[in-house]
Amino acid sequence: MSDFNNLINFLNPYRGQNGSRRREEYQFIRIDNDFINENQDLKSNNLTKVIRYKDDRPFNNTFSEIITELPLYVSTANKSLTYFFQKDFNGRTKYVSIEDLIKGETIEENFLELDDSAFIAIRITTEETLFYNEEQNSVYLLNVVLREVVISVRKTLEYNPKELGGLSSGVYYVDYTNAKGYRNSFIDRTLGKIITEISEEDLNKRHVNLTLNPKPGKLYRFPDFTIDKNQVTVYYDYDMIENDDNEVDPLKEDYAIKLKFRDPEGFLGFMVEVYFLNGVSILNTTEGCGNRKSDFSIKYIKLIQFLLKRSKNDITKKLAYLYYVPQEIFEKKFRGLNFGEEYLWQLVQETAEEAITNFKTNKEDIVLKLLEAIKLNQDDEYNVDKKKNDLFLEELLKRRTKDKGSLLYKLTKKIDGEQFIKFIDFVWQIWKNSSYAVTEETKNKKVKISETSPVLLDYRTNKILGFYTDNAEITWKDEQNQLDITVRVKSGEKEVLKPRSNFDDGKVTFEDTGETRIIDVFEHIDYQYHPFSPISFVNSENPQFLLQDEETTNAAKTILPAFVLFANNEKAFWENVFTSLEYTLDVVTTISGVANILKAGRLLRVLKKGKTVFYKTTQGVKAAAEFTDGVVEVTSGTVNALLKLTGAEDTELGKLAAKYLFYLEMASLAGGISASLERKLKNTATELIDNPKFEESLDDLVKKGKLDRVDKNDIINDIITVSEKTRNIGKFTIKNEGIISIAKFNKIAKRIKKEHGVDMFLIDKNNEQWKELFKKWQKKSLDGLWVDQPLISKNYGIPLDGPALYLFRGIGVKGFDKGFFDITSYTVQHELFHMKMWLRIKELFPNNFLKIFHEIPDEIHETYVLSEFIKTRKFTKWDETDILDDLNAFNRNFKKNKTLNEFEFFDLESYLKKI
């Protein structure tokens with residue numbers, strides 16, 4: 001049976017060109033005083049913005065992209081901002097002006113040591129880009145957002161069961177991220193079972209029985225569904241009006257598509273994949289579909305009501321159902337769902353009675369979602385209402401668990417891992433705009449500011465060799481809403497004798513030398529703070545504070561609530577435990593090798609007690625091992641294959657495989673990974689993938705019968721997943737971003753030229769070099785061209801350079817269609833795969849690669865391209881409809897009738913050996 005994802009892609013009601021129902025909006029946001037005063041909040045209405053839409057040309061000559069990895073800082077010393085970029089040279093921090101950076105003058109002598117007391121760091125995410133406006137001498141941040149919803153013209157789904165990639169009626173397992181954080185992928189299924197986090201029951205929840213009516217026709221975009229006991233049945237019906245041109249009679253057919261889900265979670269995951277991830281709003285009850293969408297929304301809401309009511313005594317099940325619910329449903333207009341503030345607070349309170357972890361049901365994620373829902377329910381998603389912020393914080397202290405613990409204390413103690421930082425930051429952001437944050441003694445009406453609870457606290461931290469230290473002891477007296485903080489501070493110096501120590505006959509004696517030395521004198525000062533009391537400390541004295549406030553990283557001081565100091569100590573303690581374990585593990589593996597790591601019994605006992613020594617993250621690798629007599633026996637197919645590669649221990653590849661296995665074993669000890677271990681695991685996975693002998697060695701195992709080709713592909717996919725090379729897998733694959741901007745195209749072209757010596761030309765009306773080619777293209781418009789050497793184009797009759805890729809953008813004619821055609825990620829990727837094939841043949845046959853390349857039939861060239869799309873679609877997320885379009889074109893051009901599965905195992909080198 002074919003991939004069920006074909007059906008999920010088909011049912012997306014807004015699928016179409018690039019699979020999107022919204023248009024991207026380019027927001028150029030000027031980094032000026034307003035930007036700084038609004039705390040760099042991109043959503044603020046007070047910012048200067050230049051907005052252009054995706055279907056317009058987003059850039060013009062006034063904006064030039066700033067290509068650098070250096071962090072941006074602005075100086076606020078004068079009325080107008082000045083821009084600098086920072087770089088460290090041998091431990092000395094220096095800055096270069098934006099003018100020099102734009103000119104490319106970035107050698108060390110252009111960097112200066114400056115007084116940076118008035119400098120502010122500008123936060124830039126990986127999705128954002130900096131641009132320079134020369135006319136204004138200003139820097140802009142390019143932010144891409146989704147413009148207002150554009151309703152699709154199509155009111156129906158054009159259904160033909162023969163166009164679903166070979167999908168047929170039968171049993172399938174739906175691929176969605178479940179409430180435990182797992183998808184239905186090979187690595188998730190295998191490793192999730194090994195660490196007992198998922199079971200056969202979880203697989204059964206994905207079970208769906210699909211029935212396809214063989215008659216083509218037009219369907220309503222939104223289905224009807226019913227629930228009977230635990231089964232949810234979904235019906236996609238033929239449209240009663242739109243089928244005049246089809247043979248089907250809607251009145252005589254019960255349905256076109258029927259899906260019977262064994263468990264409500266399977267249905268809820270299906271809803272997420274088909275609708276909510278594609279931008280469908282449950283609040284919008286029309287969406288161009290009349291009553292059909294309204295019925296769909298209401299039925300969904302009633303189903304959630306029913307499931308929550310049925311699970312009233314099972315908080316884990318309620319949280320699991322809420323994991324799939326879109327956040328917008330918590331808005332006030334859905335009070336009929338009992339999603340008022342009180343109901344949400346009760347859910348958080350119920351959850352706090354139990355352990356809050358992301359092991360099995362991801363309770364940490366869901367609790368944070370509920371807290372965010374309370375702010376959404378307050379109509380204060382961005383924490384701007386001070387009174388509502390006060391009420392929120394008061395509820396965290398007022399609400400108590402059965403053992404009298406406050407929600408603030410319980411959540412701070414119980415939430416671990418990635419969400420620990422997010423939770424602290426979430427409360428902090430609310431606190432910063434509350435009455436508790438007032439630092440003036442006479443104006444703060446919420447907490448007492450006095451000599452025993454001053455705003456300015458001499459709190460210091462340090463980090464040496466990975467270990468954190470500070471000068472405070474902190475005790476949280478939760479019942480009294482009080483934190484006792486004792487700080488050790490230097491009060492002076494004194495002169496003391498400097499004796500000489502002697503060791504004789506097992507005894508230590510001291511001898512007076514007459515010398516003296518100066519030592520520091522310390523005293524301990526006791527303070528008492530309310531958990532939300534404001535505290536300030538000087539950043540320059542505390543470079544290693546763990547929970548740095550991004551908005552004030554380079555300000556003179558940071559203001560924070562007192563409970564954050566307690567949270568800081570909690571995190572520092574477990575960071576220290578983990579650091580000590582890393583040192584221990586290095587020693588153990590040096591002495592005993594990877595296979596005997598678990599013989600360190602004391603280490604295992606420490607790990608079992610650890611709270612956040614190895615915590616699971618949403619992107620973390622879930623791995624485990626079965627042990628016998630302390631020796632690791634990993635049962636994952638991927639790991640077993642890697643064990644075979646470690647046979648040549650003296651080779652670089654063997655050492656890499658052993659290293660990767662070691663980090664997997666470390667993760668297996670507690671079912672998750674720390675940030676440090678996660679980074680090491682990803683880096684090692686990346687090294688494996690980039691090692692040219694890795695895939696060759698797997699091929700050797702296939703030839704020897706020790707591995708089959710399917711497992712080989714799964715292994716490569718698994719390790720690519722771990723390395724998270726989703727944006728640029730290897731050297732030839734790009735991220736699927738739909739239509740590619742000119743700036744993005746230029747980045748890709750620059751990389752391809754640098755790494756492979758191949759030009760990438762953007763051919764449009766502004767390209768003077770290729771204006772004749774553009775004119776000819778407008779009359780006969782191809783998506784793109786791969787040219788392997790200088791030649792006269794068969795299609796356009798003019799000389800072309802090579803090797804080069806030609807991509808086209810502008811008004812043209814394709815078949816019977818005339819209009820504006822843009823460059824898509826898929827088109828670029830298609831041509832890059834042609835280039836990849838050429839480069840591989842060039843590598844294998846350096847003396848006559850052109851002759852061999854040209855002798856290969858066009859059918860094989862296109863087979864190779866399709867096979868590469870099939871092999872990479874798991875981690876590049878190509879739209880299935882684009883791949884199917886390529887498949888249809890292939891079958892039409894070469895008079896074939898192939899399915900996608902037939903391309904998956906095409907191997908270029910095996911083909912080359914045959915010829």
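Of the inter-residue distances, the one linking D764 atom CG with Q778 atom CD reads 10.0 Å to the nearest 0.5 angstrom. Here N795 contributes atom CG and S781 contributes atom OG; the two are 11.0 Å apart, rounded to the nearest 0.5 Å. The CG atom of N37 sits 9.5 Å away from the OG1 atom of T76 when rounded to the nearest 0.5 Å. Residue I36 holds its CD1 atom at 5.0 Å from CD1 of I120, rounded to the nearest 0.5 Å. Atoms CD1 and CD, from I742 and E65 in turn, are 11.5 Å apart once rounded to the nearest 0.5 Å. L142 CG to I66 CD1: the interatomic distance, rounded to the nearest 0.5 Å, is 11.5 Å.
Side-chain contact check for N767 versus R809: every heavy-atom pair is 4.5 Å or farther apart. Looking only at side-chain heavy atoms (C-beta outward), W770 and D801 come within less than 4.5 Å of each other.
The aromatic rings of F869 and Y826 lie parallel to each other, their planes meeting at an angle below 30°, with 60° marking the opposite boundary. Ring orientation note: the planes of W777 and F774 are close to parallel, at an angle under 30° on the 30°/60° scale. Between H861 and F853, the angle of the ring planes goes over 60°, which puts this pair in the perpendicular group of the 30/60° scheme.
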Inset, instruction - List the steps and the verdict of salt bridge (charged side-chain N to carboxylate O under 4.0 Å, His left out) for E108 and K87. - result: CA-CA 9 Å; E108 184 174 355; K87 188 173 183 179; over 6 Å; no
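K776 and I798 get closest at one heavy-atom pair: CE-CG2, 3.5 Å. Annotation for I752 and V758: closest pair CG2-O, 3.6 Å, computed over non-hydrogen atoms. Minimum interatomic distance between N9 and E880 (heavy atoms only, all atoms of both residues): ND2-CB, 2.7 Å. For the residue pair F821 and G812, the shortest heavy atom distance occurs at CE1-O, 3.2 Å.
For the pair N39 (side chain) and D41 (backbone), a donor-acceptor distance under 3.5 Å is absent. Side chain of E831 to backbone of W786: a donor-acceptor contact under 3.5 angstrom is found. D759 places no side-chain N or O within donor-acceptor distance of the main-chain N or O of A804, the cut-off being under 3.5 Å.
A side-chain contact (heavy atoms from CB on, under 4.5 Å) with F84 holds for exactly one of D116, L114, V96; it is L114.
Residues N137 and Y132 bring a donor and an acceptor atom of their side chains to less than 3.5 Å of each other.
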